[in-house]
Amino acid sequence: MEIKNSKGSIWRKWDLHLHSTASDGKCTPEELIDEAIAKEIEVIALTDHHTVNNINEIKRLGKEKGIGVIAGIEFAKYHHKDGCRGRRC
């Protein structure tokens, strides 16, 4: 019997809960991609609160720089007009 994957399980680094400046994050999409590269993270998910405003930009940057990007969104039970900046929704 031939073993096709002689390395066994391969662990990959993903971060599936990131926020950008579109909600309560401190980083732009470009900064998030650059940080993922620096930390050797292969896939990220942008999950801003109640908005997808930076999704297209981060997907474009991820494609250019070889980082997989998953589009997400985080909804809170209650939403405030100010977009929850500085406090929990």
Side-chain angles (χ1 to χ4, degrees):
M1 175 161 81
E2 181 181 338
I3 299 173
K4 294 184 179 185
N5 184 357
S6 62
K7 293 181 182 180
S9 296
I10 298 174
W11 290 87
R12 303 194 188 280
K13 290 172 73 174
W14 290 25
D15 189 337
L16 301 178
H17 190 159
L18 295 173
H19 296 254
S20 74
T21 52
S23 68
D24 62 346
K26 296 182 191 300
C27 296
T28 65
E30 186 167 18
E31 291 168 333
L32 290 172
I33 292 292
D34 290 343
E35 187 174 335
I37 292 167
K39 292 180 176 180
E40 299 180 345
I41 296 172
E42 296 181 40
V43 177
I44 62 172
L46 183 60
T47 56
D48 280 320
H49 293 277
H50 304 278
T51 183
V52 293
N53 286 346
N54 282 336
I55 293 292
N56 289 337
E57 181 181 0
I58 201 165
K59 286 177 81 173
R60 178 186 59 79
L61 291 165
K63 187 173 183 177
E64 288 175 7
K65 296 185 178 189
I67 299 294
V69 175
I70 298 170
I73 191 166
E74 184 173 337
F75 289 109
K77 184 175 177 182
Y78 300 101
H79 180 64
H80 299 281
K81 291 181 206 175
D82 69 358
C84 306
R85 292 184 189 273
R87 66 179 186 274
R88 292 184 70 108
C89 292

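With sequence neighbours left out, Glu30 forms a side-chain hydrogen bond (donor to acceptor under 3.5 Å, both in side chains) with no residue at all. Glu64 is linked by a side-chain hydrogen bond (donor to acceptor under 3.5 Å, both in side chains) to Arg60, counting only residues two or more places apart in sequence or in another chain. Under the rule for a side chain to side chain contact (heavy atoms under 4.5 Å, CB included), the partners of Ile70 that lie at least two apart in sequence or sit in another chain are Trp14, Leu16, Val43, Ala45.
A donor-acceptor contact shorter than 3.5 Å is absent between the side chain of Asp48 and the backbone of His50. The backbone N or O of Glu74 lies less than 3.5 Å from no partner atom in the side chain of Thr47, so there is not a single donor-acceptor pair. Under the 3.5 Å distance criterion, the side-chain polar atoms of Glu57 are left unmatched by any main-chain donor or acceptor of Asn54. Between the side chain of Lys65 and the backbone N or O of Asp34 there is no donor-acceptor pair closer than 3.5 Å.
In this structure, His49 and Asp24 have side chains that are in contact, with non-hydrogen atoms separated by less than 4.5 Å. Within the 4.5 Å cutoff, side-chain heavy atoms of Lys39 are placed close to those of Glu35. In this structure the side chain of Ile67 never reaches within 4.5 angstrom of the side chain of Leu61, judged on heavy atoms.
Counting non-hydrogen atoms of other residues, nucleotides and ligands closer than 6.0 Å to NZ of Lys63 gives a total of 12 or fewer.
Checked for salt-bridge contact, Glu42 and Arg12 meet the test: a charged N lies under 4.0 Å from a carboxylate O.
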